[in-house]
Each structure stands twice: as C-alpha cells, then as structure tokens.
Amino acid sequence: MKAERESELAGYAMRVEDSLGRRYAEPPHPYRNDYVRDRDRIIHARAFRRLENKTQVFARRYSDHFRNRLTHTLEVAQISRTVARALGLNTDLAEALALVHDVGHPPFGHTGEQVLDRLMRPYGERFDHNLHALRVVEHFEQKYAEFPGLNLTFEVREGIIKHSRDYDPAAHPELAEYRLAEYPPLEAQLIDPADEIAYHCADLDDGYEAKLLTLEQIVGEVPLFAACYREVERRYPAAPEKLKFNEALKKLLDTLVTDLIDATRRRLRQQKIRSVDDVRRSRARLAQLSAPMARENRHLKEFLYSQLYSHRHVDAERRPTVRLIEEVFRYFMEHPRSLPSFYLAKTREEPLHRVVCDYVAGMTDNYLRQQPRADRRNLTRR
Ligand code: MG
C-alpha cells in the first residue's frame, strides 16, 4: 500500500523520506510516517483546540453555525487536501500545514494581531502570527518528557513561517535554518491560496446569513459570483433564494479551486519544474490563481473589505476588543508576578514585553475577557 501511494506522488512533491527530520531524534512509528504523525500532533495540541474560541471575522456569534477559527481551519484542510491530491502532492504534509496554519492567531482575529503588533513596536519588536505559530509549536506546547514543543519535522516548521510570506534573510538571522532565500515546497505554497478561497467563500456565506450582505448587493458588485448565480438561476429558476445562493457559492468555491489547480499545473509544466529543488529555486511562487482569476478574486476581496469587514456592526464589535487587549497587555506589564508560573519563569530568559505578548496571543476570546485589566479599578469607580 505504501509503495502504491508513493508512486502517485509527482516528482515535485515533498517525499517524507526526504524530510530533513526533527530537532530531537525519535524512533520511527510502526505504521505512521513522520508527516502523518505531525498532523496528528497538531490535532492533539492545546493551541489547536483553542481555535474553537478564537474569532475568525465575527466576534459576536450570530448563531452556532457561523465559522470560528477551528471550523475555518477544517475548511482550509479540506481544500488543501483536494488541491494537493489533484496535483500529485503530498496530502499528509499539506493537511498538517493547513491544520496548523492559524494556531499563531491571537484572540479576536486580525484586530488582535494589529493591536499586539502596535503594542510591541515601542520595544522595537513586531507581532507576526506566523512567527508566533512557530513559537507555539516549538516552545509553548508542553507534552513530551524528552523535549519542548511538538518536535515537528523541518518541512512543517518551515511551512508554518513561509506559507503566506517571504522574509528578508538579512532581517531574520534567527531564522537562517529555514532557507529564507528559497520558496517552500508546493504543499506549503498552496496553503495561502486555499486559506483565502476558504475565507472568501465562508465570509460571503456568513455575511449573507447574518443579513449584513444581501444577495442583490453580492450579485451587483462581485462579477464572479454573479456569473455563478446566473447559471444557477437558469437551471433552478423556481428554487428558494437561499438554495440558489448556496448553489452559487458552491460553484464559486469550485471555480476558484479548479483555477488554482489548473493554473499551478500549467506553471509547473511551462517552467519545467520536476523536483522540490526546482520548486525552491523558481522565479516566483508557483501555487497561485491564474492572472484573470486573481483579478476576479481581487474584486471579491475588495467587496468583502468595503461591505463586510468594515460594516458598522462588525466595526462596532471591534472597538471594545481593541481596548480589552490593550488593557490586559498593560496589566501584565505592570504586574508580571500575576503571570502563570510557566510564563513568569520565561521572563528570566526573555524581555517581559515578549513574554506578555506570547501569553496574551495564546488566549482565546473568552479567556481574554476574564483577565484583569490595567485600569479596572478606575473603570468600576466611574
Ligand atoms: Mg486562515
């Protein structure tokens, strides 16, 4: 069975036998390969379970079927597996990377990320959720007696930091081992477009369901969705609006994923990419939408920014969370002894602001709300 599966892998797929391996050597498992084990370790991690209580877009849950960061992650894993399989890539590695791709996200989605980044700047530092995810899997997950973190393979750690951005090697000497001048394998490259496809479709769905977006508005302003909807109307003119919307959304998702697969395959052929080394040294990222579809996708993104992410209801939820994060951060800067012992011990090796940032970033939305705040007493006196 093993030989059969491996022969399905394309020449440019990352083979588990070629992995650069783990930081701490471990005996092989009798029937799970290293990428399968990495995927399983991620699923069993605390940071993974916490995704359930981290905001994706809506801080307020309109209903239990709205996405949170965990269900979003499962959708990214589904799309990533599909794309990886269609391209002859390593689905185990792609799935592990999809499941881990958001574990570095702080509470309250992108607002949380922006606020922590702003709070770190006076110290000459930044907050980046990809780099934080690497710290989570390397340091903050404590499960094994023999080593800190999850001891993931090199390619999973590399994919965590490189799936959605490139780095200037000179600016990040601490990441030198991750071959910053090279692109990561295709299994890591496909995570970013899969992530974007997943949240674009999900946000249309949830935005419509929350009645923040109307069907007329989406059809009027997103040409790609309109084309899908017209087709559905032709086929099911009498179907209820909600079902037509669902059919059109399904078609939109399929159109984007199919384009991603076809465009990537075309690029691999045109640039004569035959090995992982070719992938690493290519001129640009290879797993991307075609140029015309990327344009359509940009319209969709702009629509979501202007009509959903900056909708007054979504914006109104954002403001109190900004203040909450600032006040909790300040509280622990002023009262480091209130940190849990694990984090307090870390202040001996690292500056306080970094430890506080790590602690706050690891919190769920709910847990953050339960924390003491810097000016709590002033607030209650008012
Ligand atoms: Mg994501």
Side-chain angles (χ1 to χ4, degrees), residues 38-39 42-43 45-59 61 65-84 91 93-117 127-137 152 156-166 184 186-207 249 252-253 256-257 260 285 287-289 294 297-298 300-301 303-305 308-309 314 318 321 361-365:
D38 281 3
R39 178 200 61 200
I42 291 158
I43 291 177
R46 264 190 354 180
F48 182 76
R49 293 194 295 279
R50 286 181 186 166
L51 293 171
E52 189 192 2
N53 206 279
K54 292 201 177 198
T55 292
Q56 177 70 17
V57 174
F58 301 103
R61 297 296 298 282
H65 53 261
F66 279 68
R67 272 85 175 174
N68 57 46
R69 219 166 258 287
L70 180 61
T71 58
H72 157 72
T73 293
L74 297 177
E75 291 178 349
V76 178
Q78 178 271 314
I79 294 170
S80 302
R81 266 196 316 265
T82 299
V83 175
T91 52
L93 176 57
E95 186 178 17
L97 286 170
L99 292 172
V100 81
H101 90 281
D102 265 357
V103 299
H105 265 289
F108 297 111
H110 287 284
T111 307
E113 191 174 2
Q114 286 159 4
V115 175
L116 282 180
D117 190 48
F127 177 80
D128 174 288
H129 71 93
N130 289 333
L131 296 179
H132 184 68
L134 184 65
R135 292 167 68 77
V136 168
V137 302
L152 302 174
V156 173
R157 284 179 282 128
E158 181 196 22
I160 286 174
I161 60 167
K162 283 160 74 171
H163 72 269
S164 63
R165 58 167 290 198
D166 304 319
L186 289 163
E187 288 82 354
Q189 292 189 31
L190 68 86
I191 301 301
D192 194 43
D195 182 26
E196 193 168 285
I197 293 171
Y199 69 71
H200 279 174
C201 293
D203 293 347
L204 282 179
D205 196 16
D206 286 350
L249 194 64
L252 175 73
L253 177 62
L256 289 164
V257 171
L260 173 60
R285 286 187 178 243
Q288 297 190 63
L289 293 172
N297 189 48
R298 253 194 315 277
L300 172 53
K301 188 187 247 343
F303 171 78
L304 286 167
Y305 267 93
L308 184 65
Y309 307 146
V314 178
R318 197 175 289 133
T321 61
M363 292 179 187
T364 60
D365 296 1

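Position 1 is the first residue of the sequence; numbering continues from there. Order of appearance sets the numbers: ligands from 1, and atoms from 1 within every ligand.
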Evaluation steps, salt bridge (charged side-chain N to carboxylate O under 4.0 Å, His left out), between Arg67 and Asp205: CA-CA 10 Å; Arg67 272 85 175 174; Asp205 196 16; 3.1 Å; yes
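Classification of Lys54 and Asp102 as a salt-bridged pair fails, no side-chain N sitting under 4.0 Å from a carboxylate O. Salt bridge Glu196/Lys301: present, at least one basic N to carboxylate O contact under 4.0 Å.
Per residue Asp195, closest N, O or S atom to the Mg ion (ligand 1): atom name OD1. Within Asp102, the N/O/S atom positioned nearest the Mg ion (ligand 1) carries the name OD2.
Using the six-membered ring where Trp is involved, His105 and His110 have ring planes that are perpendicular, over 60° apart on the 30 and 60° scheme.
Distances from the Mg ion (ligand 1) show that His105 has no N/O/S atom below 2.8 Å.
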